[in-house]
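Some notes on the structure that comes next.
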Amino acid sequence: MHVALTGATGFLGLRLLRRLLDAHRSVTVLAHAGSGDALHRITRFFELTGAPEAFTAQLPGRLRVVETDLALPRLGLSGRMFQRLADGLDAIWHSAGSINLEGDLPELRRTNVEGTRHVLELAAAGRRAPVVHHVSTAFVAGARREGVAYEDELDDAHGFENAYERSKYEAELLVHAWSREHGRPVLVLRPSILVTDLPPHPELPAHPLLVVERILRDARRTAGPAAPGPHGPPRVRTLGHPHGRLNLLPVEHAAEVMMRLAGLPLSGGVDTYHVVHDRDVPVPMVVALLERLGRISIDLVAAKPDVPSALEALLEFYPGMTIYLAHRRRFDDTRVRSRLGSSAACDPVGLDDLWSGLAPRSGALPGVPDIPPAVLPSAPYA
């Protein structure tokens with residue numbers, strides 16, 4: 001079976017690639033043109049994460065790298081090369097996309113919507129009629145903050161928290177329209193927020209919580225010294241609900257579930273699955289993590305402060321970071337559980353797990369400086 005994967009050097013894509021290589025002799029990697037040596041980056045990921053030496057040594061012979069531009073028709077390839085690529089595929093995994101929660105809609109549409117359109121064009125052009133596996137997000141549910149989001153739902157009745165959510169929603173609309181037009185099956189996989197307990201490394205792709213860490217760090221630096229609160233660190237008021245919850249899922253588990261779902265028979269139309277954790281993380285735990293990351297004290301409030309501090313005003317420029325602290329909705333995954341049973345369940349995600357994916361541990365990975373315990377702020381949920 002000939003398989004192509006977009007986003008193979010990304011946080012989720014690398015994990016999907018490993019499982020695809022477990023199932024297939026070779027994989028075609030559709031890498032972004034000009035982004036660097038994809039084969040080298042993939043090899044370094046596997047080296048750093050403990051893959052057997054024999055496995056990494058075989059990668060040059062098992063991976064075919066094709067440089068593409070998802071934002072362009074025919075993926076930026078010549079007509080002849082595009083057709084040759086299309087005719088050689090039995091399955092396409094589309095995992096590439098921008099997860100920039102602060103991005104503007106035109107920019108995100110170029111990557112997430114037009115990129116999906118051009119991947120679907122590749123699937124339509126192939127003589128083998130390859131099966132499309134489209135990685136979306138559970139957050140196409142939009143700005144609904146309470147209740148239950150179901151796997152079969154796809155509407156914009158509640159609006160969206162940001163342009164990222166809207167762009168992924170529009171991409172799913174394209175997938176449905178394409179499936180109807182061509183009478184072809186598509187598997188849509190909607191993961192929640194993906195995390196890892198693997199310590200950060202400059203050669204590993206960042207994940208969403210590392211982006212949050214950067215925002216907090218930059219905001220603290222820009223705001224300058226902040227007055228300490230009555231009980232220690234600077235106090236920050238942010239919108240949120242004390243009984244809110246977020247769905248955080250280990251990325252390795254997400255990739256495993258996705259591959260197992262891909263092995264099931266398709267209905268012939270669009271089959272959509274919420275790839276989510278069966279237990280949400282309470283917002284107070286997320287707050288504790290943010291406090292530890294930013295060395296701040298967070299108060300959840302129901303309305304924005306009338307007179308924000310300098311630090312609060314800066315963080316207001318990054319609403320994608322904290323807007324989900326007000327969410328109390330649940331993602332229904334009945335279809336996944338009915339197909340995979342108890343094996344779809346995942347170990348609970350705790351504060352220590354989340355912190356491990358943000359703070360390098362002694363000797364955890366080569367080239368990662370240790371953080372002395374003395375500088376780590378305390379957290380009430382540690």
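Atom-to-atom distance recorded for Glu67:CD and Asp69:CG is 10.5 Å, nearest 0.5 angstrom. Note that the CZ atom of Arg19 and the CE atom of Met258 stand 10.5 Å from one another [nearest 0.5 Å]. Interatomic distance, Thr28 OG1 to Arg64 CZ, rounded to the nearest 0.5 Å: 5.0 Å.
Partners of Glu165 according to the salt bridge (charged side-chain N to carboxylate O under 4.0 Å, His left out) rule, which considers only residues two or more places apart in sequence or in another chain, do not exist here. Judged as a ring-ring contact (aromatic ring centres under 6.0 Å, His included), and not counting sequence neighbours, Tyr150 has no contacts. A search for ring-ring contact (aromatic ring centres under 6.0 Å, His included) contacts involving His182 returns Trp178, not counting sequence neighbours. Under the salt bridge (charged side-chain N to carboxylate O under 4.0 Å, His left out) criterion, Arg84 pairs with no residue, sequence neighbours left out. Checked against ring-ring contact (aromatic ring centres under 6.0 Å, His included), His253 has no partners two or more places apart in sequence or in another chain. For Glu153, the salt bridge (charged side-chain N to carboxylate O under 4.0 Å, His left out) partners at least two apart in sequence or on another chain are Arg144. For Pro282, the side-chain contact (heavy atoms from CB on, under 4.5 Å) test picks out Pro284, Met285, with sequence neighbours left out. Not a single salt bridge (charged side-chain N to carboxylate O under 4.0 Å, His left out) links Asp306 to another residue, sequence neighbours left out. Residues meeting the ring-ring contact (aromatic ring centres under 6.0 Å, His included) test with His32, sequence neighbours left out: none.
Between the side chains of Thr334 and Asp332, at least one donor-acceptor pair of N or O atoms lies under 3.5 Å. Thr49 and Arg18 are not linked by any side-chain donor-acceptor pair at a separation below 3.5 angstrom, with hydrogens and angles left out of the test.
The closest side-chain heavy-atom distance from His277 to Pro250 is below 4.5 Å. Arg15 has its side chain out of reach of Leu194: every pair of non-hydrogen atoms, C-beta onward, lies at least 4.5 Å apart.
Listed by first and then second residue, the ring-ring contact (aromatic ring centres under 6.0 Å, His included) pairs involving residues 33-53 are Phe46-Phe55 (not counting sequence neighbours). For residues 264-287, the salt bridge (Lys or Arg N to Asp or Glu O under 4.0 Å) pairs, not counting sequence neighbours, are Arg245-Asp280.
In summary, of the residues considered (Val236, Leu216, Leu209, Ile296), a side-chain contact (heavy atoms from CB on, under 4.5 Å) with Leu290 occurs for Leu216 alone. For the salt bridge (Lys or Arg N to Asp or Glu O under 4.0 Å) with Glu161, the lone residue among Lys168, Arg329, Arg145 that qualifies is Arg145.
Here Leu122 sits in one hydrophobic cluster together with Leu30, Val66, Leu70, Leu75, Leu77, Met81, Phe82, Leu85, Leu89, Ile92, Val119; the rule is ILVMFWY side chains under 4.5 Å apart, joined directly or through other members.
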